[in-house]
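Contents: one structure, followed by commentary.
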There are 2 protein chains.
Amino acid sequence: MTSNALTRKLDRWEHLSDDDQVTLAAISGRIEPVARHKQLIEEGDDPRIVFLLIEGWAIRYKILPDGKRQIVAILLPGDLCDIHVFILDRMDHGIAMLTAGKIVRIPKDTMLAVVDQNPAIARALWWTTLVDEAVLREWLVNVGGRNAYARVAHLLCELYVRMGNVGLVTDGRMSLPLTQADLGQALGLTPVHVNRMLSQLRGKGLVTFRAFQLRILDLDGLIAAAGFDPGYLHGKRPERTIGSWSRPRRNSTAKLPESPA
Amino acid sequence: MTSNALTRKLDRWEHLSDDDQVTLAAISGRIEPVARHKQLIEEGDDPRIVFLLIEGWAIRYKILPDGKRQIVAILLPGDLCDIHVFILDRMDHGIAMLTAGKIVRIPKDTMLAVVDQNPAIARALWWTTLVDEAVLREWLVNVGGRNAYARVAHLLCELYVRMGNVGLVTDGRMSLPLTQADLGQALGLTPVHVNRMLSQLRGKGLVTFRAFQLRILDLDGLIAAAGFDPGYLHGKRPERTIGSWSRPRRNSTAKLPESPA
DNA sequence: GCATAGAATTGATCTGGATCAATCCTAAAT
DNA sequence: ATTTAGGATTGATCCAGATCAATTCTATGC
């Protein structure tokens with residue numbers, strides 16, 4: 001099970017041979033539980049380990065000189081926590097769990113050795129970093145160019161698609177373990193204003209969000225409100241469903257999880 | 001000369017053997033001139049070519065549904081224009097020249113073959129993408145968390161450091177071929193407001209900017225105004241000076257090009 | 001059931017940047 | 001020298017979001 005999360009993720013981009021899969025299985029060993037709000041890596045650390053997030057949510061963030069925290073990425077189950085290992089001698093950002101969860105640690109040296117000997121794996125990993133970059137670009141566009149309402153809508157769309165890709169959306173509902181303050185830090189908005197935008201979205205019958213459960217009521221409406229481009233995550237093939245979270249997809253041609261009409 | 005821009009850039013991150021260098025020299029052949037404002041790749045294209053920017057400036061940008069343009073990266077001489085070739089079957093953003101300049105085209109297949117057979121080169125290229133990502137993160141922080149004044153200052157700091165790294169800063173002066181409207185599109189600000197922030201910076205004796213020439217008068221002051229972290233670009237070793245632009249560095253220990261006191 | 005603490009919500013007010021609208025510069029073209 | 005066009009600058013006003021300040025929920029734990 002454990003290794004498969006990684007294999008499955010990478011195989012989505014680049015076909016991996018059986019050998020490659022065995023290699024990956026070998027490096028991703030024991031799963032460890034991690035506590036809510038646990039710092040996985042701190043800004044300034046010399047990263048020596050790649051984390052594979054098996055369960056739970058995490059964030060990448062940077063602290064501004066005035067102490068404000070800017071969230072620069074949201075990591076979902078199946079995401080690779082830090083390949084930056086390969087260049088950064090000093091992390092330029094921190095990574096912290098948002099919820100309790102489970103991770104697998106992969107030491108830097110293991111990772112480097114594998115990459116050196118398995119071009120297909122290297123390429124697949126590289127691809128994941130390029131996808132991360134595409135998401136980051138879209139976040140920049142979001143914060144730089146959209147108003148608060150569209151901005152919130154856009155983030156919800158993105159998370160909905162990404163959660164759908166890993167099989168964590170059921171009937172238009174998903175867990176969204178961010179407080180409104182957290183959302184604000186990801187969007188460059190005040191918690192108060194996030195709240196107002198959310199209630200506006202609720203008022204228009206697009207979504208519902210309470211008790212950390214997001215429900216999409218009108219996906220098309222939300223997409224329109226956000227100016228969201230469903231193609232932007234560069235999904236090649238939809239990820240196969242994952243272990244215990246899995247749920248058969250009802251419609252293999254749909255790019256987005258269906259929203260309940 | 002031509003090949004060396006690439007070699008030099010990559011060698012900065014990962015030591016390349018003579019063989020590797022020969023390989024790189026072989027793939028980066030003829031230099032072509034490109035016109036000002038030439039679109040290198042358009043959003044939606046299936047990218048088939050990597051561009052190496054030899055001379056001139058370019059931008060990565062995305063167009064919002066309402067037609068606004070958000071600049072998501074600024075490319076300087078020596079930058080690799082698009083490795084995204086490797087994943088994206090559809091470009092999620094466009095790339096356009098800002099000035100006239102010179103480029104080298106490298107076909108996707110060539111690139112893929114080289115990468116497959118030269119792990120060191122692959123790793124070096126991967127590194128460049130991770131550095132790009134670090135810059136992107138900082139841009140997000142900039143737009144999401146800083147006020148207009150610090151935001152402008154921060155971009156100027158970044159460009160100053162990057163230009164210094166490729167030997168294009170002389171006595172605290174550099175070319176900056178962006179209009180104030182362009183700066184606004186990179187920063188999520190109005191041209192009018194960019195203008196006001198610039199004159200504020202000028203008023204405090206930090207910089208001067210006219211006729212597309214930026215002059216840093218008080219680097220420490222600018223860094224302080226920006227909340228800039230000089231380490232953020234992850235420079236491992238300073239890039240060696242490049243061809244005709246080069247100028248011996250006066251102080252090998254300085255991280256930043258000196259500003260004239 | 002009651003207390004507690006972390007969130008969400010709501011209202012009132014303020015302000016950093018946006019907008020709108022003229023000029024003003026400056027370099028290249030005639 | 002004069003026109004022209006792309007930028008820069010300046011001033012006046014507006015408004016989306018920030019701030020400040022209470023409440024109100026809601027899930028705990030006792």
Side-chain angles (χ1 to χ4, degrees), chain A residues 35-37 57 64 66-71 97-100 142-156 175-203 207-215 225 227, chain B residues 35-37 57 64 66-71 97-100 142-156 175-203 207-215 225 227:
Chain A
R36 182 167 121 98
H37 290 166
W57 290 48
L64 285 151
D66 67 358
K68 264 193 295 189
R69 180 175 77 169
Q70 173 74 40
I71 295 177
M97 293 298 296
L98 229 35
T99 65
N142 208 22
V143 175
R146 276 186 263 258
N147 63 23
Y149 179 71
R151 216 184 284 184
V152 172
H154 197 277
L155 181 59
L156 298 183
S175 161
L176 177 53
L178 303 214
T179 65
Q180 294 181 1
D182 292 333
L183 289 172
Q185 291 174 7
L187 295 166
L189 293 174
T190 296
V192 175
H193 206 61
V194 168
N195 182 287
R196 293 190 167 117
M197 296 304 103
L198 283 172
S199 56
Q200 214 168 302
L201 288 167
R202 193 184 319 127
V207 308
T208 262
F209 177 49
R210 19 176 264 291
F212 300 106
Q213 283 285 321
L214 175 68
R215 174 154 194 197
Chain B
R36 183 168 121 99
H37 292 165
W57 291 47
L64 286 150
D66 67 359
K68 264 195 295 191
R69 181 176 78 169
Q70 173 74 39
I71 294 176
M97 294 297 295
L98 230 34
T99 64
N142 208 23
V143 175
R146 276 186 262 258
N147 64 22
Y149 179 71
R151 216 184 284 183
V152 172
H154 197 277
L155 181 59
L156 298 183
S175 162
L176 177 53
L178 302 215
T179 65
Q180 295 180 0
D182 292 333
L183 289 171
Q185 291 175 7
L187 295 166
L189 294 174
T190 295
V192 175
H193 207 61
V194 169
N195 181 286
R196 291 189 167 120
M197 296 304 102
L198 283 172
S199 56
Q200 216 168 301
L201 287 167
R202 194 184 319 126
V207 307
T208 262
F209 177 49
R210 17 176 264 292
F212 301 107
Q213 282 285 319
L214 175 69
R215 173 153 194 197

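These numbers were taken from a predicted model, which means no experiment stands behind them. Within every chain, numbering begins at 1; the chains are lettered A, B, ... in the order of the sequence lines, protein sequences first and strands thereafter.
- Here the straight-line distance linking atom CZ of A/R215 with atom CZ of A/F209 works out to 15.0 Å at 0.5 Å rounding.
- Counting only heavy atoms from C-beta outward, the side chains of A/L156 and A/L214 approach each other to under 4.5 Å.
- Checking side-chain atoms of B/T190 against main-chain N and O of B/V192 turns up no donor-acceptor pair under 3.5 Å.
- Panel note: side chain B/Q70, backbone B/Q185; a donor-acceptor pair is recorded below 3.5 Å.
- Computed from coordinates, the B/R210 CZ to D/dG7 C1' distance equals 15 Å when rounded to whole Å.
- A/R151 places a side-chain N or O within 3.5 Å of a backbone atom of A/L187 that can act as its donor or acceptor partner.
- Distance, B/Q200 CD to D/dA8 P: 18 Å, rounded to whole Å.
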Would you mind building the protein contact string for nucleotides 13-28 of chain C? One character per nucleotide, 5' to 3', B for base within reach (heavy atoms under 4.0 Å), S for sugar-phosphate only, - for untouched. ----BSBB--------
Distances for protein N or O near nucleotides 3-8 of chain C N or O, under 3.5 Å:
| from | atom 1 | to | atom 2 | distance (Å) |
| --- | --- | --- | --- | --- |
| C/dA8 | OP2 | A/Q180 | N | 2.8 |

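- Rounding to the nearest 0.5 Å gives a distance of 8.0 Å between CE of A/M197 and CG of A/L189.
- Atom CG of residue B/L98 and atom CD1 of residue B/I71 lie 6.5 Å apart, to the nearest 0.5 angstrom.
- Side-chain atoms of A/T99 come within 3.5 Å of backbone atoms of A/W57 as a donor-acceptor pair (strictly under, hydrogens ignored).
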